[in-house]
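Each remark here refers to the structure printed beneath this line.
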Number of protein chains: 6
Amino acid sequence: MLLHLSTWPEVEAYLGQSQGIILPIGSTEQHGPTGLIGTDAICAEAIAKGVGEQVKAMVGPTINVGMALHHLDFPGSISLRPSTLILVLRDYITCLAKSGFTKFFFINGHGGNMATMKAAFSETYAHLSDFNVKNADFVQCYLANWFMCSSVYKLAKELYGDREGSHATPSEVALTQYVYPEAIKQGFLSENVASGHKIYGAVDFRRRYPDGRMGSDPGLATPEHGKRFYELAVEELSNSYLEFLKGN
Amino acid sequence: MLLHLSTWPEVEAYLGQSQGIILPIGSTEQHGPTGLIGTDAICAEAIAKGVGEQVKAMVGPTINVGMALHHLDFPGSISLRPSTLILVLRDYITCLAKSGFTKFFFINGHGGNMATMKAAFSETYAHLSDFNVKNADFVQCYLANWFMCSSVYKLAKELYGDREGSHATPSEVALTQYVYPEAIKQGFLSENVASGHKIYGAVDFRRRYPDGRMGSDPGLATPEHGKRFYELAVEELSNSYLEFLKGN
Amino acid sequence: MLLHLSTWPEVEAYLGQSQGIILPIGSTEQHGPTGLIGTDAICAEAIAKGVGEQVKAMVGPTINVGMALHHLDFPGSISLRPSTLILVLRDYITCLAKSGFTKFFFINGHGGNMATMKAAFSETYAHLSDFNVKNADFVQCYLANWFMCSSVYKLAKELYGDREGSHATPSEVALTQYVYPEAIKQGFLSENVASGHKIYGAVDFRRRYPDGRMGSDPGLATPEHGKRFYELAVEELSNSYLEFLKGN
Amino acid sequence: MLLHLSTWPEVEAYLGQSQGIILPIGSTEQHGPTGLIGTDAICAEAIAKGVGEQVKAMVGPTINVGMALHHLDFPGSISLRPSTLILVLRDYITCLAKSGFTKFFFINGHGGNMATMKAAFSETYAHLSDFNVKNADFVQCYLANWFMCSSVYKLAKELYGDREGSHATPSEVALTQYVYPEAIKQGFLSENVASGHKIYGAVDFRRRYPDGRMGSDPGLATPEHGKRFYELAVEELSNSYLEFLKGN
Amino acid sequence: MLLHLSTWPEVEAYLGQSQGIILPIGSTEQHGPTGLIGTDAICAEAIAKGVGEQVKAMVGPTINVGMALHHLDFPGSISLRPSTLILVLRDYITCLAKSGFTKFFFINGHGGNMATMKAAFSETYAHLSDFNVKNADFVQCYLANWFMCSSVYKLAKELYGDREGSHATPSEVALTQYVYPEAIKQGFLSENVASGHKIYGAVDFRRRYPDGRMGSDPGLATPEHGKRFYELAVEELSNSYLEFLKGN
Amino acid sequence: MLLHLSTWPEVEAYLGQSQGIILPIGSTEQHGPTGLIGTDAICAEAIAKGVGEQVKAMVGPTINVGMALHHLDFPGSISLRPSTLILVLRDYITCLAKSGFTKFFFINGHGGNMATMKAAFSETYAHLSDFNVKNADFVQCYLANWFMCSSVYKLAKELYGDREGSHATPSEVALTQYVYPEAIKQGFLSENVASGHKIYGAVDFRRRYPDGRMGSDPGLATPEHGKRFYELAVEELSNSYLEFLKGN
């Protein structure tokens with residue numbers, strides 16, 4: 001059940017039965033020579049829709065742009081400042097809490113979002129409490145990173161070993177190939193891929209990772225792999241969502 | 001050419017030929033008993049993709065949530081504060097300007113976004129100038145409201161007359177029916193629809209417009225109408241985009 | 001009745017009878033070679049006082065500096081950022097709402113303020129509601145642009161035709177001549193005045209409009225014209241104010 | 001020379017000779033049963049104009065609303081938050097510094113503004129330096145409180161002794177009577193006026209100072225006194241301004 | 001009783017008897033060729049602990065970094081922006097007010113903090129009131145500058161006369177020598193020390209005060225002097241604290 | 001070498017040899033019935049000083065208050081909002097980067113700080129880059145959590161097994177006992193300690209963890225254990241610091 005394809009009376013009816021909502025969040029950033037700039041949003045959105053169908057949950061609009069400041073030296077990357085993203089998440093959660101939602105299950109496609117999301121959750125709990133928003137003290141946010149699902153991780157290791165890397169990975173590229181087979185890209189992928197450096201600012205990042213990949217070989221990705229990753233993530237996160245709902 | 005389905009080398013190549021980008025922006029808000037909550041984002045995104053194809057322009061990620069504070073008394077509506085939306089737009093434009101984009105063509109699906117967008121453009125021009133962002137003094141933003149296209153307006157009047165109204169209109173509902181025929185909703189639409197009130201706060205809005213519609217009869221919408229609105233908007237905004245690009 | 005020339009017990013007594021207040025807002029920005037930098041504030045203030053007398057309404061202090069970022073490349077111009085102006089308006093309205101005012105009638109002298117003012121109104125309604133300010137859900141803001149009064153517009157067309165232009169116009173210059181006859185300026189006004197360009201950043205603005213005028217011939221202004229504009233605006237806005245008060 | 005009654009070419013010419021500007025700042029707050037709500041702005045503006053004439057300096061627009069949060073429990077009072085006022089002052093100074101002004105002489109009419117103004121000056125120096133604003137490291141702000149002029153203080157003690165008090169004082173009321181003789185108010189002034197309490201929040205303030213006065217007897221004020229205060233302040237601050245300009 | 005060395009049940013018990021808390025605030029900034037960068041924090045903390053012991057009051061954690069923007073051209077100095085420090089103080093006071101504290105006695109070691117602290121107190125009173133924090137209208141903040149104690153001032157004049165100066169003074173240096181005798185520094189102190197200049201931005205400050213001192217001769221300081229200053233300050237501020245507690 | 005006990009010429013000399021600085025950051029929050037409210041700051045500060053001595057590095061002032069919003073329902077806890085803490089860290093790093101520091105090694109004592117610190121680092125890298133701060137693109141921040149040192153973790157498991165828990169742990173309590181043996185507290189510690197719940201808002205936290213502990217038995221702590229934890233952490237983090245310095 002997609003919020004965007006629902007009417008307000010349908011939302012009202014849904015809230016009579018459940019206070020849970022799934023919110024996909026990705027990023028708009030370079031993913032190496034062959035990865036899509038929308039990779040993280042595409043993966044999060046696809047999986048969120050899959051989970052939503054499986055568990056009959058409301059799925060909110062995708063947050064397409066996240067915290068990707070370290071990728072800004074590559075053209076086409078867009079990022080919110082952490083301070084902006086905190087406000088965005090605060091506004092989303094506050095509005096939906098006023099509607100009656102209390103269980104926010106974020107399906108995240110980008111590692112760089114995690115710290116800011118956690119900071120935003122803390123900021124928002126305090127904000128809701130200060131403003132006496134309805135049920136403020138019962139609002140709960142859950143950060144579900146699909147790429148950290150144990151089943152996903154295991155398959156990635158099995159298929160790619162060390163060539164999975166940590167950015168522009170074959171697993172995420174595979175998932176976008178499954179979702180958008182018409183947008184499978186070719187491009188030169190040097191054997192000699194940088195890896196192991198820490199992440200600081202954007203100029204530094206590009207100095208260390210000149211083609212944008214971090215230790216990965218996305219040339220190994222196939223749409224078929226993508227389908228498997230998708231199914232594993234949907235399965236595992238559906239369970240996580242149901243457990244989250246049950247928690248008091 | 002969708003930014004989300006492009007790689008960074010493709011963006012780099014594109015920037016060698018054009019500095020223009022189309023950014024769809026909508027809203028996530030109640031659209032009456034039968035209109036989709038995502039109506040404004042759906043329309044903006046569909047038209048932006050159409051324009052992008054016709055004029056071979058880059059289309060960025062859709063801003064799904066805009067300024068809809070006055071709709072918050074209806075469940076499912078989400079809004080950014082104007083102050084938050086200004087930061088979001090500033091961050092988007094600043095990042096893309098650093099990439100080399102200078103012509104920002106926003107295709108907007110929601111009247112409530114207009115004031116904040118214009119404020120954000122002013123804030124951003126000054127911000128870019130202060131920070132000496134590349135080509136700061138040549139960055140230009142254009143606000144294109146599809147629902148204010150003269151061809152669209154003319155057809156809406158022709159088809160619906162006064163029953164077009166000003167929110168949850170048959171024209172926008174028709175367009176969503178064309179894009180998502182699987183999500184056409186039925187629901188009770190009283191003949192007696194409120195209209196003519198000014199817009200203030202959210203509680204006041206619902207007091208005046210109890211089912212969320214503003215003078216409209218979305219029951220008149222059909223997917224075929226939607227197709228015609230879509231084509232008119234794409235045609236007219238494609239021309240606007242090309243003229244905008246030509247302007248110095 | 002000017003707030004600045006009232007005592008708090010007088011305000012208390014006034015609030016027993018009316019919850020309306022008129023707030024003039026202008027700008028401090030270049031108005032071409034012969035227009036006063038305070039033009040927009042002067043016009044708004046004079047008309048606000050006139051309306052206040054006619055309808056026996058409280059008139060608050062003039063907001064002299066507005067949103068004029070695009071004029072900053074001309075010396076003497078001062079602007080608030082949109083984000084600052086939003087906070088200023090929020091603070092004004094919140095304080096006065098705590099006093100008991102609910103009907104805020106802004107008489108505006110500057111087109112560049114309009115978008116930010118509308119954004120500020122939305123931000124403030126939500127702010128008041130969050131903080132449970134007294135009567136929050138009954139606070140209403142009205143944006144009255146004197147230069148868009150139909151009677152004013154008609155006279156300007158009649159007197160100046162196309163030479164009215166859109167900035168440093170003879171109509172506003174005339175009004176300042178009526179209010180400050182001792183400050184009528186002479187200066188070279190080239191026949192060849194720029195017009196028709198869109199407004200982006202400050203450097204771009206001066207590039208396009210080198211002497212600050214936008215298509216106008218302020219040399220046509222006379223204090224007598226100014227008196228007529230003043231009287232028309234006061235008349236028309238007095239009616240608007242009374243209707244606004246009556247609205248529920 | 002009033003900025004509001006000047007044209008931009010006049011400002012440009014002025015900047016060729018001086019980089020100084022006088023900025024009056026007041027407040028909009030209760031001044032007891034008989035004092036005008038605009039007292040602090042009226043005094044600052046009148047004196048600033050007087051100084052401007054005497055020393056041939058540019059006088060900017062009056063900041064009518066300052067930091068008066070502790071007066072908000074009396075109707076008609078308006079205040080900016082300190083955080084808002086800092087942004088306002090930062091915006092003013094930054095714009096004028098870009099024009100070429102470097103010497104900012106604030107004539108202040110309200111004790112409650114002082115702390116925030118000093119904080120704003122510090123914030124602004126750092127801001128200008130960060131943004132490489134022209135002559136950033138030579139910008140200087142001066143806080144001149146007319147009511148703390150030694151000549152003013154001496155006369156007040158001479159005329160009123162302890163009945164000068166510290167808010168809604170006869171000296172400031174006298175000055176407004178001189179400037180606006182048509183707005184001299186009568187009202188009951190209890191002999192028994194509160195005094196000696198510290199200032200905390202607004203509710204606390206009214207609890208301690210029920211009619212708004214702080215130890216003062218404004219009934220002693222006369223327009224003739226006001227003229228003398230005016231002249232002393234203009235004389236003393238003119239000297240201060242000239243010394244400030246000479247300082248390197 | 002140090003908050004940092006207490007448990008929450010101990011704080012709960014304390015609150016049953018007193019709602020007062022002492023908060024030391026200093027700065028991290030150059031103090032001339034021989035003064036410690038932590039001088040202001042060291043002094044404030046030591047005196048706060050002394051007062052806390054004498055009056056059996058809770059002492060909170062030291063705010064080590066304050067408002068020292070004008071010292072930033074000397075290496076090792078750290079400053080919060082005034083706007084940041086306002087938020088920090090607001091957060092501290094709000095949290096402790098929620099715990100039940102209402103009497104906040106700040107012992108301050110740095111003149112540059114004073115304006116921002118006063119602004120922060122005003123901002124916070126309004127903030128607490130808006131949010132209906134428990135006992136909001138009874139929260140009171142007191143700014144106690146140890147270096148302005150009359151007994152301290154008198155001794156400094158007696159010991160050092162004009163060579164006390166106003167920054168990197170022998171009195172504050174003496175106090176740090178008493179607290180940290182192991183950190184007494186030697187260094188060249190020119191006889192020719194700058195003095196009498198106003199404080200503007202950081203670059204300007206260092207231009208005027210090239211070695212960081214303002215008219216002082218810290219070479220006169222001894223640990224024995226420091227002990228005397230310490231004892232006088234503790235005595236005088238203990239009395240101030242007790243009177244503050246008694247005030248209603 | 002403590003920044004607070006250094007002079008600016010000493011810092012200047014240090015910067016000629018190293019651009020590294022260690023910054024301890026803790027929290028001020030309840031640590032169960034017997035743990036000190038300053039536990040996290042005490043541990044971070046002690047270890048930072050130990051590391052500083054061992055590797056001859058500059059140690060900055062301790063950030064005593066961090067992100068502890070979820071502990072606010074226990075008296076005595078103080079927290080910055082994440083949005084405030086981001087500004088604080090940005091200000092610290094920016095000031096020190098202007099001095100010439102580029103390697104920021106944060107020794108952290110509180111898990112709740114981690115997300116906000118990472119967000120702050122990202123925000124700051126972009127901030128430094130925007131403002132062209134000296135060496136902006138070479139600034140690097142390192143988050144070193146002493147409690148996550150492998151040697152510390154191993155010893156805690158060895159000594160306490162599952163009774164280590166995750167808040168108010170015997171390991172951190174032991175370390176404070178070693179540092180402040182005079183502040184060892186006794187108190188009732190129920191056998192039945194809550195554990196395993198997720199962390200959301202403050203009211204929810206206290207509902208789940210009524211005495212503040214999370215699965216821990218701090219009654220097992222001894223000062224001797226504390227000494228061992230201290231030595232292990234100093235050893236391990238000294239190595240981390242030296243490797244961090246070597247990294248390019």
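Everything numeric here is computed off the predicted structure, so don't read it as measured data.
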Option that, when pairs with chain D are counted at under 4.5 Å, heavy atom only, ranks first among [options]:
options: Gly32(C), Gly187(C), Gly100(C); answer: Gly32(C)
options: Leu72(C), Thr39(C), Leu69(C), Val65(C); answer: Val65(C)
options: Arg81(C), Lys98(C), Arg90(C); answer: Arg81(C)
options: His31(C), Met58(C), Glu10(C); answer: Glu10(C)

Most contact-rich option vs chain C, by heavy-atom pairs under 4.5 angstrom, among Leu96(D), Asp73(D), Ile21(D), Leu15(D), is Leu96(D)
Comparing Val11(D), Leu87(D), Leu5(D) against chain C, the one with the most heavy-atom pairs below 4.5 Å turns out to be Leu5(D)
I need the minimum non-hydrogen distance between [X] and [Y], along with the two atoms involved.
X: Glu12(D); Y: Pro75(C); value: CB-CG, 3.9 Å
X: Gly76(C); Y: Ser99(D); value: N-OG, 3.0 Å
X: Ser6(C); Y: Lys185(D); value: CA-NZ, 3.7 Å
X: Tyr92(C); Y: Ile78(D); value: CA-CG2, 3.7 Å
X: Asp91(C); Y: Ser79(D); value: CB-O, 3.6 Å
X: Trp8(D); Y: Asp211(C); value: NE1-O, 3.2 Å

Below 4.5 Å from any heavy atom of chain D, which atoms of Ile42(C) appear? Answer side chain, backbone, both or neither.
-> side chain
Which bit of Glu29(C) is near chain D, if near means a heavy-atom gap under 4.5 Å: side chain, backbone, both or neither?
-> neither
Between CG on residue Leu36(C) and CG on residue Leu3(D), distance to nearest 0.5 Å | 10.0 Å
Heavy atoms under 4.5 Å from chain D: which residues of residues 165-183 of chain C carry them?
-> Tyr180(C), Ala183(C)
side-chain contact (heavy atoms from CB on, under 4.5 Å) assessment of Asn64(C) paired with Asn64(D) = CA-CA 9 Å; Asn64(C) 292 304; Asn64(D) 292 304; 3.5 Å; yes
